[in-house]
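Remarks on the structure that follows.
Reminder, nothing fancy here: chain letters follow the sequence lines and each chain counts from 1.
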There are 2 protein chains.
Amino acid sequence: MPQGNSEMPCAPGQVRACTVREVLDRVGGKWSIGILVATAQGPVRFTELERRVEGISRRMLTLTLRNLERDGLLRRTVHPTVPPRVEYAATGMALELYESLVALTTWAERHRTAITDARAEYDREHGIPG
Amino acid sequence: MPQGNSEMPCAPGQVRACTVREVLDRVGGKWSIGILVATAQGPVRFTELERRVEGISRRMLTLTLRNLERDGLLRRTVHPTVPPRVEYAATGMALELYESLVALTTWAERHRTAITDARAEYDREHGIPG
DNA sequence: CCGTATCCGTAAGGATACTG
DNA sequence: CAGTATCCTTACGGATACGG
């Protein structure tokens, strides 16, 4: 998970590398997007997240949740019951980010096979990596 | 309603974690976006890239260029002159990806201070990480 | 000019066991 | 239920030196 770089001077305007970097530094980790998607429809409990985000370990779930909460993308609510009940809810900011991912999703789907083909051809012409 | 955990790797439709992952797996590295941006306006030579992508090492430039070329995002052209002249050009696919980054850029700029504030507050309430 | 090769430090993330 | 604590492996990336 991307840890916080102190501060970066990213001037506004067009698409700039360091601005995109800001996003990736928050959400470029292995599990962040999965959690974002899992919480996009409404608050989700810890164990439920563990089920929905397939393959995640309890440790990485906790760590990623903490980072997302710290960045203001998730709100953590503890209900002081027995047994404890903790809910994670996406903030407005997170939902906006979620919407911004539509473009990337579309791109990935459009070019999925093209990428696969490109890789296959590259590996044919040059040696397979290794 | 939460959709079941189908075996389908990256089904089409809405925003899905694994689909976004496909993009991040190609372009989530530290330097990929920088190179993408640097080549978005036209073909660029190796040394020029080294200058434009600030802070990149020769090694990482080469590695990242190879990966982008392999995925079909860059086209590498060698002009057999002396001294050699190698140009890297963004493909159509890459330019489409570049356009898809506008949404992310907008998001980052809109919420930059909100994120900074959230982090500061989190670190005040809990301990500063470490 | 355009790379490779080699060495090395860090940190992301997995496995596993324990707890309020 | 919702986490921590520890240990460990790996892969990303920096520094440096060399080569066609």
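A donor-acceptor pair is defined here as one N or O able to donate and one able to accept, closer than 3.5 Å; no such pair exists between the side chain of A:Ser32 and the backbone of A:Gly28. In terms of modelled atom types and a separation under 3.5 Å, the side chain of B:Trp107 and the main chain of A:Ala94 share no donor-acceptor contact. Remark: side-chain polar atoms of B:Thr105 are not paired, donor with acceptor, to backbone N or O of A:Val15 under 3.5 angstrom.
In the displayed structure, A:Arg75 atom CZ is contacted under 6.0 Å by at most 12 heavy atoms of other residues, nucleotides or ligands. More than 12 non-hydrogen atoms from other residues, nucleotides or ligands lie less than 6.0 angstrom from CD of B:Glu125.
Ion pairing between a basic and an acidic side chain is recognised when a charged N comes within 4.0 Å of a carboxylate O; B:Arg124 and B:Glu121 show no such pairing.
Rounded to an integer number of Å, the gap from CG of A:Leu63 to C1' of C:dA12 is 10 Å. Computed from coordinates, the A:Arg45 CZ to D:dG3 C1' distance equals 13 Å when rounded to whole Å. With rounding to whole Å, B:Arg66 atom CZ is found 17 Å from D:dG13 atom C1'. B:Leu24 places its CG atom 16 Å from the C1' atom of D:dC12, with the value rounded to the nearest Å. D:dT16 atom C1' lies 17 Å from atom CG of B:Leu61, rounded to whole Å. Distance, A:Leu49 CG to D:dG3 C1': 13 Å, rounded to whole Å. As rounded to whole Å, 11 Å separates atom P of C:dG3 from atom NE2 of A:His126. Summarising the geometry, the separation between CD1 on A:Ile33 and P on C:dG13 is reported as 13 Å, rounded to the nearest angstrom.
You'll find the side chain of A:Val37 stays beyond 4.5 Å of the side chain of B:Gln14, heavy atoms only.
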Strictly under 3.5 Å: I want the nitrogen or oxygen pairs between protein and nucleotides 14-20 of chain C, one per line.
| from | atom 1 | to | atom 2 | distance (Å) |
| --- | --- | --- | --- | --- |
| C:dG14 | OP1 | A:Lys30 | NZ | 2.5 |
| C:dG14 | OP2 | A:Trp31 | NE1 | 3.1 |
| C:dG14 | O6 | A:Arg59 | NE | 3.3 |

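The residue A:Thr62 sits close to a base: some heavy atom pair falls under 4.0 Å.
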Test side chain to side chain contact (heavy atoms under 4.5 Å, CB included) on B:Thr19 and A:Glu109; report intermediate values, then the result.
CA-CA 7 Å; B:Thr19 309; A:Glu109 291 179 354; 4.1 Å; yes
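Distances shorter than 4.0 Å separate some side-chain N or O of B:Tyr88 from OP1 or OP2 on C:dG3. Dashed line: the shortest gap from a side-chain N or O of B:Arg76 to OP1 or OP2 of C:dG3 is under 4.0 Å.
Considering every non-hydrogen atom in both A:Thr39 and A:Tyr88, the closest pair reads CG2-O, 3.9 Å.
Annotation: proximity of residues 35-43 of chain B to DNA chain C (heavy atom, distance under 4.0 Å) is found for no residue.
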